[in-house]
S.K.: 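One structure, pasted below without further comment.
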Amino acid sequence: MGSGGSKPKSASAKSLSAKSPKEDVLRETEEEPISMDDVLEEYPPPKAVMDKKRHIFTTEDKTVADKRASQIQVEDYQTFEALSRALTEGLQTDVQKVRAIFTWIGLQGSKKHNSKAQLEPMSPQHVVLLVTQRKASYNLLFVMLCRAVKIPCVFIRGLAKSAAYEVGDRTVDNLGNSWTAVFVSAGWRFVFPLWAFSAIVGHSTGTWTLVESDGQGARETAEKSSGVTVSNFNDYYFLTDPEEFIYTCFPSDSKWQLLGKPHTKQQWIDIACCEQAYFENHLQITTKLECLYTSENGVCDIGIKKTNGEEFKHLYKLYFNHQLSTTKLSEEIQLDRYVAVMNNKSAVNFRIRFPGEGIYKMELYGGSPTGFPLICSFRLDCNEDVSNVKPFPCNPEAGFGPNLVTTAAGLEPETHKTGFINIKKSKTVNIRFNLTKQVLVQTVLVHNNINESVLNQHVNHKIKGQELEVNVEVPQQGEYALQIHTKPKGSSEPFKNTCNYLLASEDMNKKKRFYENAAEKKARNGLEDCLKSNDPEAIQQAIDKFDQFDLDDKGKRHKAERKKTFLVLQKELKEAIARRNVDVLETALENAKSSDFSSNLQHQISEGEQLLVELKKLKRFAHEVLQMKQATISEIHTYKHPRPLAYDIMKATYILLGENENHLEEWEQIQNLMRKTGKQGLLRRVRGFDTIHVTENIVNSAAQILRKYDAETATTASAGLGTFYNWASNVVGDLTKT
């Protein structure tokens with residue numbers, strides 16, 4: 001179990017994590033002052049501990065006791081009784097007394113002790129010297145000092161997952177070790193002096209090759225090294241809670257687990273390899289609580305979360321055991337996209353795909369706001385053919401799914417709040433965010449094999465007020481990554497990755513057959529036959545049928561998609577030209593011109609552009625009419641005996657709008673038309689006016705009527721009449737141009 005040492009500073013930092021020493025050395029002072037049988041008679045029997053360490057050991061206890069420990073010099077005392085009294089006299093509780101003894105022992109490791117002087121055997125100075133020279137046990141010194149002031153303290157022997165332990169080991173009998181238990185606050189508590197006061201730095205078995213580190217590919221192998229033992233001071237191993245202690249230490253006598261339900265030896269072997277930081281940061285493994293995982297279809301999932309619901313930063317390292325694995329990793333394999341980090345609020349799931357058969361190790365770091373200590377380790381065994389397993393489309397630093405980075409950038413997910421999106425049934429995905437900041441956005445779709453220029457056509461986004469909407473439509477079945485990049489509006493900074501999603505329309509990890517059954521062959525033949533069709537709906541049906549069977553494309557599906565796209569664009573243009581609607585026509589033209597088929601559709605595009613110019617001109621002619629107030633039209637309508645100018649202008653207007661000239665002989669007939677509302681209302685008819693049904697006779701009749709007047713005369717008579725005169729004369733003038 002790690003007990004200090006350097007912490008990784010970044011995803012690529014090399015870890016020199018300190019490990020727990022192998023064993024507490026006793027040597028010539030190996031004999032215990034009293035046996036365990038005597039302990040059971042003289043001391044309270046061991047039983048399950050109910051209170052947590054935080055309930056019995058306070059900050060005040062630590063401050064008072066540590067101050068006392070710092071004031072005591074071993075040279076001033078000739079016996080353990082005198083030394084213990086000096087350390088504990090006046091302290092209020094047994095916890096404070098034990099803490100003073102514990103801290104004092106820890107401080108001796110940083111001091112120089114005279115090895116030339118003739119010391120009295122088993123005197124405090126002599127024992128301290130032996131301990132600092134690693135010739136005697138930290139356990140012995142701690143037990144002797146506690147017992148000297150009548151505080152019950154015992155040796156406990158058992159197995160401990162120290163530097164000699166490798167995650168996932170099934171054989172553990174070589175892990176013999178010892179620690180202590182001390183009776184304070186009405187219960188037995190663990191103290192492991194060796195792990196508290198020393199650590200091994202730079203230990204390496206030399207059997208592991210780093211293959212991926214937090215999204216970066218690597219092929220780094222550390223040389224075999226026993227490491228260096230250094231002095232250390234780690235509070236974690238003072239009064240450690242039993243439910244945490246059992247993860248690394250297994251006493252020979254199960255009663256000394258101090259648990260209500262003791263673990264079996266096999267349970268201890270199997271239990272997850274969790275480090276000190278795992279418990280201190282209140283983390284919880286959400287997948288199986290074991291140290292050994294076996295791949296299924298080339299994949300393993302490891303889940304972890306903070307129990308308080310907070311998000312936390314994390315790093316990971318994936319190793320390959322080149323010594324124990326029966327195969328070697330191919331030099332041709334790129335090793336940077338085999339781990340996907342899936343975020344889900346306080347929970348994180350690490351999905352590991354294996355680049356080859358063999359034995360792997362996954363190390364997780366993080367949880368701490370001030371650094372990235374080792375949290376836990378797992379052995380991952382892949383004993384199956386993984387030739388069909390593909391890497392992920394990308395491996396973003398922020399992982400997949402909204403997280404703290406997303407929130408900090410000003411994006412709050414409204415729809416998709418986890419990192420995985422299944423798009424098998426629906427090719428279109430709509431993802432929405434609420435914006436808390438003004439930002440510029442880039443969206444990118446990524447695939448292992450499809451060209452970026454093709455993928456760009458299948459993703460778009462738009463910002464409406466305080467909402468960002470991203471739309472994705474995948475070109476074919478498979479696995480994709482959607483990357484969302486942002487930067488503050490008006491900023492000259494480069495875009496930064498803010499959020500990512502893993503999109504899959506198939507199970508990328510299932511084993512595939514290398515033959516096609518009858519239904520699959522029928523689907524492939526149907527796809528080939530549809531290439532002869534000019535019906536986009538029929539082509540889409542053939543594509544959908546093909547997609548149901550997870551078949552290799554072989555180029556036919558891509559051709560079918562292209563033909564369907566061409567036919568859809570062509571149909572949109574024809575329909576837009578026939579409808580003669582400005583907005584619809586503009587959209588159809590924009591889609592056609594920005595597509596790969598603009599040259600093939602050039603004839604329809606030219607026709608549509610000419611029509612668009614005409615329709616925009618008519619829209620411009622109608623602008624002044626449409627700005628008129630209803631009161632102005634009502635005023636014209638109320639004329640009882642209008643002047644010839646008013647009658648003629650309104651008659652010409654209605655002739656152009658399609659009314660029969662024979663039905664406009666009397667002013668009362670025109671008044672009746674002006675009374676109509678809804679679709680037959682005058683303004684609605686001008687707004688929807690189109691020249692498609694205007695004949696030469698209609699134009700000549702309107703022109704003959706308007707010839708007697710001009711714009712100034714009409715406007716002088718009435719602003720409303722002047723507006724209708726301008727509209728009618730503009731229409732006539734445009735239609736009579738040769």
S.K.: Could you check Q704, R707, R643, K708 and say which one makes a side-chain hydrogen bond (donor to acceptor under 3.5 Å, both in side chains) with D648?
M.R.: K708

S.K.: What heavy-atom pair brings R432 and T415 nearest, and what distance separates the two atoms?
M.R.: N-OG1, 2.9 Å

S.K.: Taking the side chain as every heavy atom from C-beta outward, state whether V439 and K489 have any atom pair closer than 4.5 Å.
M.R.: no

S.K.: Would you call R557 and E561 a salt bridge, taking side-chain N to carboxylate O under 4.0 Å as the test?
M.R.: yes

S.K.: Please answer whether the main-chain N or O of I484 pairs with a side-chain N or O of Y501 as donor and acceptor at a distance below 3.5 Å.
M.R.: no

S.K.: I'd like to know if the side chain of T587 and the backbone of D583 have a donor-acceptor N/O pair within less than 3.5 Å.
M.R.: yes

S.K.: Identify the heavy atoms of P396 and N497 that sit nearest to each other, and give their distance.
M.R.: CB-OD1, 3.8 Å

S.K.: Look at atom CD of Q438 and say whether more than 12 heavy atoms of other residues, nucleotides or ligands are closer to it than 6.0 Å.
M.R.: no

S.K.: Assess whether a salt bridge exists between E659 and R685, defined as any Lys/Arg side-chain N lying under 4.0 Å from an Asp/Glu carboxylate O.
M.R.: yes

S.K.: Could you check whether T723 and N726, counting side-chain N and O atoms only, form a donor-acceptor pair closer than 3.5 Å?
M.R.: no

S.K.: Kindly compute the distance separating CD1 (I605) from CD1 (I577), expressed to the nearest 0.5 Å.
M.R.: 9.5 Å

S.K.: Can you find a pair of side-chain heavy atoms, one from V472 and one from L503, that are under 4.5 Å apart?
M.R.: yes

S.K.: Using a strict cut-off of less than 4.0 Å between a Lys/Arg side-chain nitrogen and an Asp/Glu carboxylate oxygen, indicate whether K593 and E609 qualify as a salt bridge.
M.R.: yes

S.K.: Which value, rounded to the nearest 0.5 Å, describes the distance between I670 atom CD1 and T653 atom OG1?
M.R.: 9.0 Å

S.K.: With no hydrogens and no angle check, do the side chains of N471 and E469 hold a donor and an acceptor under 3.5 Å apart?
M.R.: yes

S.K.: Would S533 and D535 count as having a side-chain donor-acceptor pair, cut-off 3.5 Å?
M.R.: no

S.K.: Look at atom CD of E712 and say whether more than 12 heavy atoms of other residues, nucleotides or ligands are closer to it than 6.0 Å.
M.R.: no

S.K.: Do the numbers put R353 on top of the ring of F392, so that NZ or CZ is under 6.0 Å from the six-membered ring centre and no more than 45° off the axis?
M.R.: yes

S.K.: Indicate, with yes or no, if the rings of H458 and Y480 have centres closer together than 6.0 Å.
M.R.: no

S.K.: Within this structure, what is the CD-CG distance for the pair E661 and L664, rounded to the nearest 0.5 Å?
M.R.: 7.5 Å

S.K.: Is it true that, when you exclude Q669 itself, more than 12 heavy atoms of the residues, nucleotides or ligands shown sit nearer than 6.0 Å to its CD?
M.R.: yes

S.K.: Does any part of the side chain of E452, heavy atoms only, come nearer than 4.5 Å to the side chain of N456, both counted from C-beta?
M.R.: yes

S.K.: Between S606 and Q602, is there a donor-acceptor pair closer than 3.5 Å when you use the side chain of the first and the backbone of the second?
M.R.: yes

S.K.: Using a 4.5 Å cut-off on heavy atoms from C-beta on, say whether the side chain of F566 contacts that of L601.
M.R.: yes

S.K.: Does a sphere of radius 6.0 Å around CD in E665 hold more than 12 heavy atoms from other residues, nucleotides or ligands, not counting ones at 6.0 Å or beyond?
M.R.: yes

S.K.: Show me, pair by pair, the donor-acceptor contacts under 3.5 angstrom made by side chains of residues 459-467, not counting sequence neighbours?
M.R.:
from : atom 1 : to   : atom 2 : distance (Å)
H461 : ND1    : T443 : OG1    : 3.2
H461 : NE2    : V441 : O      : 3.1

S.K.: Apply side-chain contact (heavy atoms from CB on, under 4.5 Å) to the pair V731 and F689, showing each step before the final yes or no.
M.R.: CA-CA 10 Å; V731 171; F689 175 74; 3.8 Å; yes

S.K.: Of the non-hydrogen atoms in A504 and F420, which two are nearest, and what is the gap between them?
M.R.: CB-CE1, 3.7 Å

S.K.: Closest approach of G720 and I636, non-hydrogen atoms and distance?
M.R.: C-CD1, 3.9 Å

S.K.: Determine whether F400 and M342 satisfy the following criterion, side-chain contact (heavy atoms from CB on, under 4.5 Å), listing intermediate values before the conclusion.
M.R.: CA-CA 5 Å; F400 293 98; M342 313 298 291; 3.7 Å; yes

S.K.: Consider only side-chain N and O atoms of T406 and T498, and report whether a donor and an acceptor are under 3.5 Å apart.
M.R.: no

S.K.: Is the backbone N or O of H603 less than 3.5 Å from a side-chain atom of E607, with the two atoms forming a donor-acceptor pair by type?
M.R.: no

S.K.: Y725 versus T713: any side-chain heavy-atom pair under 4.5 Å?
M.R.: no

S.K.: Indicate every side-chain donor-acceptor pair of residues 673-683 with a distance under 3.5 Å to a residue at least two apart or in another chain.
M.R.:
from : atom 1 : to   : atom 2 : distance (Å)
R675 : NE     : H637 : NE2    : 3.2
R675 : NH1    : N672 : OD1    : 2.3

S.K.: Could you go through V299 and N297, starting from their C-alpha distance and side-chain angles, then the distance that decides it, and tell me whether this counts as side-chain contact (heavy atoms from CB on, under 4.5 Å)?
M.R.: CA-CA 6 Å; V299 172; N297 295 326; 5.6 Å; no

S.K.: Which pair of non-hydrogen atoms, one from C530 and one from L527, has the smallest distance, and what is that distance?
M.R.: SG-O, 3.0 Å

S.K.: Measure the shortest side-chain to side-chain distance between I705 and I655 over non-hydrogen atoms and say whether it is less than 4.5 angstrom.
M.R.: yes

S.K.: Does some side-chain heavy atom of Q483 sit less than 4.5 Å from a side-chain heavy atom of C394?
M.R.: yes

S.K.: May I ask you to decide if G399's main-chain N or O and N500's side chain share a donor-acceptor pair within less than 3.5 Å?
M.R.: yes

S.K.: Can you tell me how far the OG1 atom of T565 sits from the CG atom of N591, to the nearest 0.5 Å?
M.R.: 11.0 Å

S.K.: Using modelled atom types only, decide if a donor and an acceptor are shared between the side chain of N344 and the backbone of A347 within a distance under 3.5 Å.
M.R.: no

S.K.: Can you tell me if K563 uses its side chain to pair, donor with acceptor, with the backbone of P536 under 3.5 Å?
M.R.: no

S.K.: Give a yes or no answer on whether the side chain of N343 reaches the backbone of A398 with a donor-acceptor pair at less than 3.5 Å.
M.R.: yes

S.K.: So, the side chain of K305 versus the backbone of Q284: is there a donor-acceptor pair under 3.5 Å, distance only?
M.R.: no

S.K.: From the options T287, N349, T286, select the one residue that forms a side-chain hydrogen bond (donor to acceptor under 3.5 Å, both in side chains) with D301.
M.R.: N349

S.K.: Can you name the closest pair of heavy atoms from P393 and V446 and give their distance?
M.R.: O-CG1, 3.6 Å

S.K.: Return the orientation label for the W667 and Y647 ring planes: parallel under 30°, perpendicular over 60°, tilted otherwise.
M.R.: perpendicular

S.K.: Are any non-hydrogen side-chain atoms of T407 and P402 less than 4.5 angstrom apart?
M.R.: no

S.K.: What's the separation between atom CZ in R562 and atom OG in S595, rounded to the nearest 0.5 Å?
M.R.: 9.0 Å

S.K.: Might you work through the side-chain contact (heavy atoms from CB on, under 4.5 Å) test for L468 and I431, ending with a clear yes or no?
M.R.: CA-CA 8 Å; L468 166 65; I431 306 167; over 6 Å; no

S.K.: What is the distance from atom CD of E414 to atom CZ of F433, rounded to the nearest 0.5 Å?
M.R.: 10.0 Å

